[in-house]
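Notes to accompany the following structure.
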Amino acid sequence: MKVNYADIVISAASKKQYPKAPIPEIALAGRSNVGKSSFINKMIQRKNLARTSSKPGKTQTLNFYIINDLFHFVDVPGYGYAKVSKKERAKWGEMMEEYFSEREQLRATALIIDSRHKPTEDDVIMYNYLKHFGLPVMVIATKLDKLKKSQKHKQLKTIQEVLEMEEEDTLIPFSSETGEGKELAWKTMLAHLNM
């Protein structure tokens with residue numbers, strides 16, 4: 001997939017702000033600081049369309065990015081970050097539920113996980129949450145370049161087992177540094193988008 005055009009459309013805090021265009025969407029979910037912004041930037045070959053931050057928990061809205069005027073990437077707030085107040089967390093929970101349960105344009109979710117570690121309890125909850133809404137999930141195992149060759153297979157197997165991944169869902173080993181997994185990620189996304 002060659003991306004000729006990518007731009008942020010809106011940072012939305014509620015559904016009345018969501019773009020009205022009836023174009024399909026891929027949501028991007030993951031723990032705070034797992035590398036969602038790096039994933040987006042690598043996929044669209046742009047250095048900093050999605051802002052990377054050293055402060056976890058910075059994305060507090062749903063960020064809609066238009067890609068080639070064909071579909072949206074929707075970056076949802078990172079989860080599992082302790083320094084966020086209970087009230088703030090509850091607000092995010094409502095916003096996420098509203099989006100995942102009601103958004104007709106949503107076709108699939110890319111769940112981004114750090115390949116170097118076993119999925120956290122929050123990762124497992126998020127995976128099950130997405131499956132609860134009947135959504136297809138691509139699990140993107142990032143930071144692959146930081147693993148030794150001998151560790152890769154074992155780590156990927158662990159991710160599959162801990163998440164108890166369903167057969168129809170795809171595990172994509174990925175590196176924002178080397179671009180490994182980019183082709184497979186596009187192929188999988190485009191299949192979900194029927195493109």
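Worth knowing before you read on, the calculation uses all heavy atoms, side chains too, and leaves out hydrogens, waters and symmetry mates.
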Exercise for review: Work out which heavy atom in Gln17 is nearest to a heavy atom in Ala13; give both atom names and the distance.
Suggested key: OE1-N, 2.5 Å
Review point. Distance from Met43 atom CE to Ser176 atom OG, nearest 0.5 Å?
Key: 10.0 Å
Point to revise | Lys118 NZ: over 12 foreign heavy atoms closer than 6.0 Å | key: no
Review point. Are Thr178 and Asp145 close enough that a side-chain donor and a side-chain acceptor fall under 3.5 Å?
Key: no
Exercise for review: Would you check if Thr142 and Ile113 make a side-chain contact, meaning some heavy-atom pair closer than 4.5 Å?
Suggested key: no
Review point. Is the number of heavy atoms from other residues, nucleotides or ligands within 6.0 Å of NZ (Lys20) greater than 12?
Key: yes
Check your understanding: Would you call Met95 and Pro77 a side-chain contact if the rule is heavy atoms closer than 4.5 Å?
Key -> yes
Point to revise | Check: Lys2 main-chain N/O paired with Asn68 side-chain donor or acceptor under 3.5 Å | key: yes
Practice item. Run through Thr109, Leu163, Leu111 and flag the one making a side-chain contact (heavy atoms from CB on, under 4.5 Å) with Met126. Key: Leu111
Check your understanding: Do any N or O atoms from the side chain of Gln160 and from the backbone of Met165 form a donor-acceptor pair under 3.5 angstrom?
Key -> no
Exercise for review: Flag the pair Pro24 / Gln105 as yes when at least one side-chain heavy-atom distance between them is below 4.5 Å, and no otherwise.
Suggested key: no
Study note, to complete from the structure: CD1 of Ile112 to CG of Asp123, rounded to nearest 0.5 Å, is 11.0 Å
Check your understanding: Does the side-chain contact (heavy atoms from CB on, under 4.5 Å) test come out yes or no for Met1 and Met189, once each step is laid out?
Key -> CA-CA 10 Å; Met1 169 88 182; Met189 284 184 189; over 6 Å; no
Point to revise | Note, Glu164 side chain near Asn128 side chain (heavy atom, < 4.5 Å) | key: no
Practice item. Compute the centroid of each ring, for Phe64 and then for Phe73, and state whether the two points are separated by less than 6.0 Å. Key: no
Exercise for review: Answer whether the closest heavy-atom distance between the side chains of Val162 and Val124 falls below 4.5 Å.
Suggested key: yes
Check your understanding: Under a 4.5 Å side-chain heavy-atom rule over Ile, Leu, Val, Met, Phe, Trp and Tyr, are Ile159 and Ile125 clustered together?
Key -> no
Point to revise | Approximate separation, where rounding is to 0.5 Å, of Asp69 CG and Ile23 CD1 | key: 7.5 Å
Check your understanding: How about Asn41 and Ser38: does a side-chain donor come under 3.5 Å of a side-chain acceptor?
Key -> no
**Study point:** Between Tyr65 and Glu25: side-chain donor-acceptor atoms closer than 3.5 Å
**Key:** no
Check your understanding: How many angstroms lie between NZ in Lys146 and CZ in Arg116, if you round to the nearest 0.5 Å?
Key -> 6.0 Å
Revision key, fill the gap. Closest non-hydrogen atoms of Gln155 and His117, given as atom of the first, atom of the second and distance, are NE2-N, 3.6 Å
Check your understanding: So does Asp169 pair up with Lys131, basic N to acidic O under 4.0 Å?
Key -> yes
Exercise for review: Treat each ILVMFWY residue as a node, draw an edge where side-chain heavy atoms are under 4.5 Å apart, and state whether Leu70 and Ile44 are in one component.
Suggested key: yes
Check your understanding: Backbone N or O of Leu147 within a donor-acceptor pair of the Gln151 side chain at under 3.5 Å?
Key -> no
Review point. Is there side-chain contact between Ser11 and Leu62, with heavy atoms separated by less than 4.5 Å?
Key: no
Review point. So, do Val74 and Ile26 sit near enough that their side-chain heavy atoms are less than 4.5 Å apart?
Key: no
Check your understanding: Got a sec: does the CD of Glu168 have more than 12 other heavy atoms crowding it under 6.0 Å?
Key -> yes
Point to revise | Intermediate values then yes/no, side-chain contact (heavy atoms from CB on, under 4.5 Å), Trp186 and Val3 | key: CA-CA 11 Å; Trp186 270 128; Val3 176; 3.6 Å; yes
Exercise for review: Answer yes or no: is there a side-chain heavy-atom contact under 4.5 Å between Tyr18 and Glu98?
Suggested key: yes
Review point. Hey, any chance Leu184 and Ile140 share a hydrophobic cluster, counting ILVMFWY side chains that come within less than 4.5 Å of each other, even indirectly?
Key: yes
Review point. If you take all heavy atoms of Leu106 and Tyr99, which pair is closest and at what distance?
Key: CD1-OH, 3.5 Å
Review point. Phe174, Leu144: one ILVMFWY side-chain cluster at the under-4.5 Å cut-off?
Key: no
Point to revise | Test item: Lys36 side-chain N/O and Val76 main-chain N/O as donor-acceptor pair under 3.5 Å | key: yes
**Study point:** Pairing of Glu180 and Lys42 as salt bridge, 4.0 angstrom limit
**Key:** no
Practice item. Might you work through the side-chain contact (heavy atoms from CB on, under 4.5 Å) test for Lys152 and Lys157, ending with a clear yes or no? Key: CA-CA 9 Å; Lys152 287 181 186 178; Lys157 199 169 177 321; over 6 Å; no
**Study point:** NZ/NE/NH1/NH2 to OD/OE distance under 4.0 Å, Lys187 and Glu183
**Key:** no
